[in-house]
Amino acid sequence: MNINPAQIIGMLPQIKSNPMALLGQYGISQEISNNPQAVIQSLLNSGKISQNQYNQAMMMAKNMGVKF
């Protein structure tokens, strides 16, 4: 299941309202759910997102004014 950057940005409301449900859909265990870097690394390692998709999503978020 590949996710494009626009989909990631579109998921922000769902992430805010019920993060565990969304993370569970992508195979993210509860043990790492409180560690954003571990979640991203898990998605990258599993091939659910590519490094390019992650980079594009980060650029889009920064362009929208999201601060990290």
Smallest separation among heavy atoms of Pro36 and Asn34, with atom names: CD-O, 3.5 Å
Check: Ser42 main-chain N/O paired with Ser46 side-chain donor or acceptor under 3.5 Å: yes
Cluster check Met59, Leu44: I/L/V/M/F/W/Y, side chain < 4.5 angstrom: no
Summary of side-chain hydrogen bond (donor to acceptor under 3.5 Å, both in side chains) pairs that have at least one residue in residues 54-66, sequence neighbours excluded: Gln51-Asn55
Spatial distance of atom CE (Met58) from atom CD1 (Ile40) [nearest 0.5 Å]: 6.5 Å
Partner set under side-chain contact (heavy atoms from CB on, under 4.5 Å) for Gln30, not counting sequence neighbours: Met20, Ser33
Taking only distance into account, with no hydrogens and no angle test, what donor-acceptor pairs under 3.5 Å do side-chain atoms of residues 8-17 form with protein atoms, sequence neighbours excluded?
from	atom 1	to	atom 2	distance (Å)
Ser17	OG	Pro13	O	3.3
Ser17	OG	Gln14	O	3.3

Validation row: Ile32, Leu23 side chains within 4.5 angstrom (heavy atoms): no
Candidate pair Leu43 and Ile28, rule side chain to side chain contact (heavy atoms under 4.5 Å, CB included), full reasoning: CA-CA 8 Å; Leu43 291 170; Ile28 303 300; 3.9 Å; yes
